[in-house]
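These notes are about the structure you will find just below.
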Protein chains: 2
Amino acid sequence: MSERSADSITLNIERSIVSGELEEGRPLPAERALMEQYGASRTVIREALTALTAKGFLKSRPRYRPIVCRPDASSAMQAAGGVIKHLLDNSRGVHDLYQVRVLFERVLVRDAATGADKDDLKYLKGALDDNEAAIGDSERFYATDVAFHRVLYTIAGNPAYPAIHTGFVEWLAPQWSRMPRSEQRNRDNFRAHKAIYEAILMRDPDAAERALVEHLETSWAFVRSTFFAGERE
Amino acid sequence: MSERSADSITLNIERSIVSGELEEGRPLPAERALMEQYGASRTVIREALTALTAKGFLKSRPRYRPIVCRPDASSAMQAAGGVIKHLLDNSRGVHDLYQVRVLFERVLVRDAATGADKDDLKYLKGALDDNEAAIGDSERFYATDVAFHRVLYTIAGNPAYPAIHTGFVEWLAPQWSRMPRSEQRNRDNFRAHKAIYEAILMRDPDAAERALVEHLETSWAFVRSTFFAGERE
DNA sequence: AAACACTATATGGTCGTACCAAAAGAGGAT
DNA sequence: ATCCTCTTTTGGTACGACCATATAGTGTTT
């Protein structure tokens, strides 16, 4: 099947990384050393390294030894991101992705409403307070906005969730982070966050979900009218 | 920043693919032609092609011209899959991923319960009937099981959802498709599907979600006890 | 004329060598 | 010990060559 020797070397190194034989964060052996180790030419070695880099198992800067990266949820998101960013050049692609985010957060707020413990609520309240305090500073407000939503992704304790959140934020950033902001809009957004928080506090998943959906749909309407005004739905 | 000329060529070709200049399904120009076009050595061209292949923009078989692949949601999933499959060698990784799937389907059944139209319900019923008819044939039952869940991912009309479903199925297949099956278990699973369908039919999102969660948790319990009996939670 | 066999060519896969520029390490001067 | 200089290491790029195979083109056979 895989007659290419570069492929088998890629797999070999991949396995060495996953198994921990090649330690995360450490640089890979030099290319000329790998030639000997695998009995292949440098061409082949470099092809394998290129593939591994594109797959996210190595981080390589020009003129430095590639750094080994253990796969985790966030590198998986990053690998997907290379493709996803090309899907976001029209409102359709952005909306499809945004819908996935909405779907995700709907469950998260429901679960927060039914299952959040005292600590979770404290974190959420802290993020909400930070958000309120930043109303006057639009740049900081955006950061605290993201942070507030992120708390929802951390409550469940699944390490994949925060990675997914990071993906959403990065991919949607071209639109969201560049939205024209105003103190009035910040205030509206804060009120939406507060409504979500209070519904969670009241242990009312339906209300929390409604508040979230309304919040995110309002946000989408703004983005759409700002960046995709010319396109039809 | 990116001093490597291979990187800029990679980006160039990537853009040509996304823009449609290089048509999907058509083979790429020969390497020696690309050398001239970009004024670079074959070494560099080949590195670019390797990277593009790993990123999912090209499908290359040995000794054939690489085939151009337009990025879509499913190629994004595939790119992530290269990393994700390494996270699934223990129950923790599998469970984390499975939880994402559960989260996803919880919303899907809720939305189906509130928003499915007559056609959607007909499709779902059709999938359910196929599922019932296959109870005696475990292999076919697994296929109809997957198909039933897939209907939920198609109802919403977001093209990303079916791609995500495909990802879940492929990544979780090592466990699920290899589960020991019996007519009794098939019957139980069918009953669970039926309960979900009926809750959707009754327009009861809470009941539908409950039925789904119970179904998926039962399934997880089986998988866990079969494949990860030795590990602690 | 049609079917087959054969040859030439195009193409991807691999190898080796060479050179450059920048980074890292070694060694000596202060 | 500190700083500067020189050498070595290392990744990035280039060129040329050879192999195996798939495809196209040619010629032969029936």
Side-chain angles (χ1 to χ4, degrees), chain A residues 1-17 21-70 75 78 82, chain B residues 1-17 21-70 75 78 82:
Chain A
M1 175 65 72
S2 73
E3 297 181 34
R4 287 191 297 247
S5 50
D7 285 348
S8 68
I9 294 177
T10 303
L11 259 190
N12 241 299
I13 299 181
E14 207 174 303
R15 275 197 270 264
S16 300
I17 292 175
E21 187 181 332
L22 291 171
E23 285 174 55
E24 180 176 7
R26 302 240 61 84
L28 214 62
E31 296 178 357
R32 288 165 177 87
L34 292 171
M35 295 179 52
E36 277 202 28
Q37 180 177 343
Y38 288 102
S41 73
R42 222 178 126 206
T43 313
V44 174
I45 298 294
R46 284 183 61 78
E47 269 194 42
L49 299 188
T50 308
L52 287 169
T53 303
K55 280 184 166 196
F57 290 95
L58 300 175
K59 292 258 167 291
S60 65
R61 294 172 300 164
R63 273 180 297 285
Y64 287 83
R65 308 261 282 277
I67 303 294
V68 174
C69 287
R70 256 321 236 314
S75 44
Q78 202 176 332
Chain B
M1 177 62 74
S2 70
E3 299 180 34
R4 288 192 296 247
S5 50
D7 286 348
S8 68
I9 295 177
T10 303
L11 260 190
N12 240 299
I13 299 181
E14 208 172 303
R15 275 198 270 264
S16 301
I17 292 175
E21 187 182 331
L22 291 171
E23 285 174 55
E24 180 177 8
R26 302 239 61 82
L28 214 60
E31 295 178 359
R32 287 163 176 89
L34 291 172
M35 302 180 44
E36 277 201 28
Q37 179 178 342
Y38 287 100
S41 74
R42 221 176 131 208
T43 315
V44 175
I45 298 295
R46 283 183 61 77
E47 269 196 41
L49 299 189
T50 308
L52 287 169
T53 303
K55 281 183 164 195
F57 290 96
L58 299 175
K59 291 260 166 291
S60 66
R61 294 173 299 165
R63 275 181 296 287
Y64 287 83
R65 307 260 283 277
I67 302 295
V68 174
C69 289
R70 260 312 241 315
S75 42
Q78 202 176 331

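Letters go in sequence order (proteins before strands), and every chain restarts at 1.
Heavy atoms from other residues, nucleotides or ligands lying under 6.0 Å from CD of B:Gln37 number more than 12.
Inter-residue side-chain proximity for A:Leu34 and A:Ile9 is flagged as unmet; no heavy-atom pair is nearer than 4.5 Å.
With respect to the salt-bridge test (charged N to carboxylate O, under 4.0 angstrom), the residues A:Arg4 and A:Glu47 do not qualify.
Using a 4.0 Å cut-off, some side-chain N or O of A:Ser5 falls inside it from OP1 or OP2 of C:dT14.
The interatomic distance linking B:Arg63 (CZ) with C:dT9 (C1') rounds to 17 Å, in whole Å. Separating the CG atom of A:Leu34 from the C1' atom of D:dT9 is a distance of 15 Å, rounded to the nearest angstrom. Between B:Asp7 atom CG and D:dT13 atom C1' there is a gap of 13 Å when expressed in whole angstrom units. Rounded to an integer number of Å, the gap from CZ of B:Arg65 to P of D:dA24 is 11 Å. Separating the CZ atom of B:Arg4 from the P atom of C:dA21 is a distance of 18 Å, rounded to the nearest angstrom. Distance CZ (B:Arg42) to P (D:dG16): 13 Å, rounded to an integer number of Å. As a whole-Å value, the separation of B:Ile45 CD1 from D:dA14 P is 9 Å. One interatomic measurement links the two molecules: CZ of B:Arg32 to P of C:dG13, which rounds to 11 Å at whole-angstrom precision.
Judged by closest nucleotide on DNA chain C, B:Leu28 is the one of A:Ser41 and B:Leu28 placed further toward the 5' end. Place B:Thr43 and B:Ala30 on DNA chain C by their nearest nucleotides, and B:Ala30 ends up nearer the 5' end.
Among D:dA14, C:dT14, C:dG12, the nucleotide with an atom closest to any side-chain atom of B:Val44 is D:dA14.
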For this session: Test B:Ile13 against B:Tyr38 for side chain to side chain contact (heavy atoms under 4.5 Å, CB included), laying out the working first.
Result: CA-CA 10 Å; B:Ile13 299 181; B:Tyr38 287 100; 3.5 Å; yes
